[in-house]
There are 2 protein chains.
Amino acid sequence: MRTVNPQKVEIRKREIVEAAKICFEQRGFHSTTMAEICAKASISPGALYRYFDSKESIIAAMAEDDQFRAMQSFKSALSEIQNGADFFQTMDKLLDDVVTNYCTKEQGAMAAELISEAMRNPIFAESCSRAYMDLHSHFCAILECGQKLRHIDESLNIAEAATMIMASVDGMVLRMAFCGDVSNIEASRWLKNFCQRYLSPKSQTQSQIKNRA
Amino acid sequence: MRTVNPQKVEIRKREIVEAAKICFEQRGFHSTTMAEICAKASISPGALYRYFDSKESIIAAMAEDDQFRAMQSFKSALSEIQNGADFFQTMDKLLDDVVTNYCTKEQGAMAAELISEAMRNPIFAESCSRAYMDLHSHFCAILECGQKLRHIDESLNIAEAATMIMASVDGMVLRMAFCGDVSNIEASRWLKNFCQRYLSPKSQTQSQIKNRA
DNA sequence: ATTCATAAAACGAACATTCGTTCTCTTTAT
DNA sequence: ATAAAGAGAACGAATGTTCGTTTTATGAAT
């Protein structure tokens, strides 16, 4: 008698997720039909439903994939810096990584789609939120290294800075996606410049003193 | 014989858009049904279709409304500063305005929804893009005033700064919407602090010199 | 002021279509 | 021989839109 092959199942699942991702990027979660995903993955509806029990679970699987990949970038940046790499060089690399991998119209569309999905679905929101927190804490660790090395202003709160920078990157990704007025090269340069100006130690000015009070 | 009353038509249209907005904020564009909008606006489907010829056109009307309101904030800030108001005070006020009016779960959901909608629908994208450009150019004008007054680093490119700040604000709005770890008070303070650090003139440091090259 | 004719405004049941999912049957690998 | 894997037609619920009908407001005529 025939036995189930877990490896082949895993491969098929990944194929389906990949196909779905392409569809979602092109037409969004709501507009892509199961029929389209089936066509792209060369599988029948009946067969597909042996691997995923709903459209939603395909979306969830895809989101987890993305989150995993983003985390990889952060983890490698953190280990680099912990092994003595130059802080700003590592930051620049991380930003370049983000810009090249996420600053496409498709990825931007995806991000917006994911956010609006998370907004309605509590289970989905939980997962996104936790993923974000994870990235945030890793980024905090990176920034703390920078602060120890005196590349980041001592008076700057790390959690605040991490949130601000991540928000800026996200905002830029979305901006670039739906408004073609910024190139990847500009985005990358602007983000680096922003990080440097925002993070680097400053001489005490009137406004600084006022601000810290 | 009876004649059409353009004023009443306008009022009814606005009622419908208001009702739709509440529905959209709660459940998103795709999930809210025409039936729900009809119920909220106390109107029958047949009657509603005398005012808007599709669900999409209601969404478009609502988006225009939002764009108009955002523009008002920017215009008033610009005129304030042109009439001699303190630059950072005006900026702070503008940021407070944004945080109080847009940093809600509902508005965040809305923003994400609008972006993902713009991503598919070219006509919609055009309108959003133009609105964004308008805001951007007004914001540039505001920043130029600040630069003339020496509150903004001379070496900073204004278009770049405007894009960065707007992206940061957008990113923060979205972040706050789907991840409840930042309060309005923090967001407001962090954004102000960010603007000050990012914009204010800096003493020449090594990294600065390197960056400008 | 009252009545009447007419078109605007509203109603709401019904339509047509779309689409996620299921079910039964066939094929295939072990 | 048997169970996994796949196919694809069909189902049924959901929903944007339409259409025939009814109600209501308005301006002209009495």
Exercise. Would A/Glu18 and A/Lys21 pass as an ion pair if we require N to O under 4.0 Å?
Worked result: no

Exercise. Just by modelled atom types, is the B/Ala162 backbone N or O under 3.5 Å from a matching donor or acceptor in the B/His136 side chain?
Worked result: no

Exercise. Near DNA chain D, which residues from residues 11-29 of chain A have a heavy atom under 4.0 Å away?
Worked result: A/Arg12

For this session: Tell me, please, the opening and closing nucleotides of DNA chain C, 5' to 3', among those with an atom under 4.0 angstrom from a non-hydrogen atom of chain B.
Result: C/dT6 to C/dG12

Exercise. Should the ring pair A/Tyr132 and B/Phe178 be called parallel, tilted or perpendicular, given that the plane angle runs from 0 to 90° and is split at 30 and 60?
Worked result: perpendicular

Problem set entry | Salt-bridge criterion met for A/Asp65 and A/Arg14 (N-O under 4.0 Å) | no

Exercise. Has the side chain of B/Arg197 got a donor or acceptor atom that lies under 3.5 Å from a matching backbone atom of A/Ser200?
Worked result: yes

Are there any protein N/O atoms within less than 3.5 Å of an N/O atom in nucleotides 22-28 of chain D, and if so, which ones and at what distance?
unit_1 : atom_1 : unit_2 : atom_2 : d
D/dT24 : O2     : B/Arg2 : NH1    : 3.1
D/dA25 : O4'    : B/Arg2 : NH2    : 3.3
D/dG27 : OP1    : B/Thr3 : OG1    : 3.2
D/dG27 : O4'    : B/Met1 : O      : 3.2

Exercise. When we call it a touch if two heavy atoms are under 4.0 Å apart, what does A/Ser31 touch: a base, just sugar-phosphate, or nothing?
Worked result: nothing

For this session: State, with a plain yes or no, whether a side-chain heavy atom of A/His30 is found less than 4.5 Å away from one of B/Ser116.
Result: no

For this session: Return the residues of residues 46-63 of chain B meeting this criterion: a heavy atom under 4.0 Å from some atom of DNA chain D. Order them by number, or give none.
Result: B/Gly46, B/Tyr49, B/Ser54, B/Lys55

Problem set entry | Closest-nucleotide 5' rank along DNA chain D - winner of B/Thr32 and A/Pro45 | A/Pro45

Exercise. Does A/Lys55 use its side chain to pair, donor to acceptor, with the backbone of A/Thr32 at less than 3.5 Å?
Worked result: yes

Problem set entry | Residue pairs involving residues 129-141 of chain A (criterion salt bridge (Lys or Arg N to Asp or Glu O under 4.0 Å); sequence neighbours excluded) | A/Glu126-A/Arg130

Problem set entry | Test item: B/Ser57 side-chain N/O and B/Ser54 main-chain N/O as donor-acceptor pair under 3.5 Å | yes

Problem set entry | B/Arg189 backbone acceptor or donor facing B/Asn193 side chain under 3.5 Å | no

Problem set entry | Sidechain-backbone polar pair: A/Gln107 side chain, A/Thr104 backbone, donor-acceptor under 3.5 Å | no

Exercise. Residues in ring-ring contact (aromatic ring centres under 6.0 Å, His included) with A/Phe29, at least two apart?
Worked result: A/Phe24

For this session: Could you tell me whether B/Glu15 and B/Arg12 make a salt bridge, using a distance below 4.0 angstrom between a side-chain N and a carboxylate O?
Result: yes

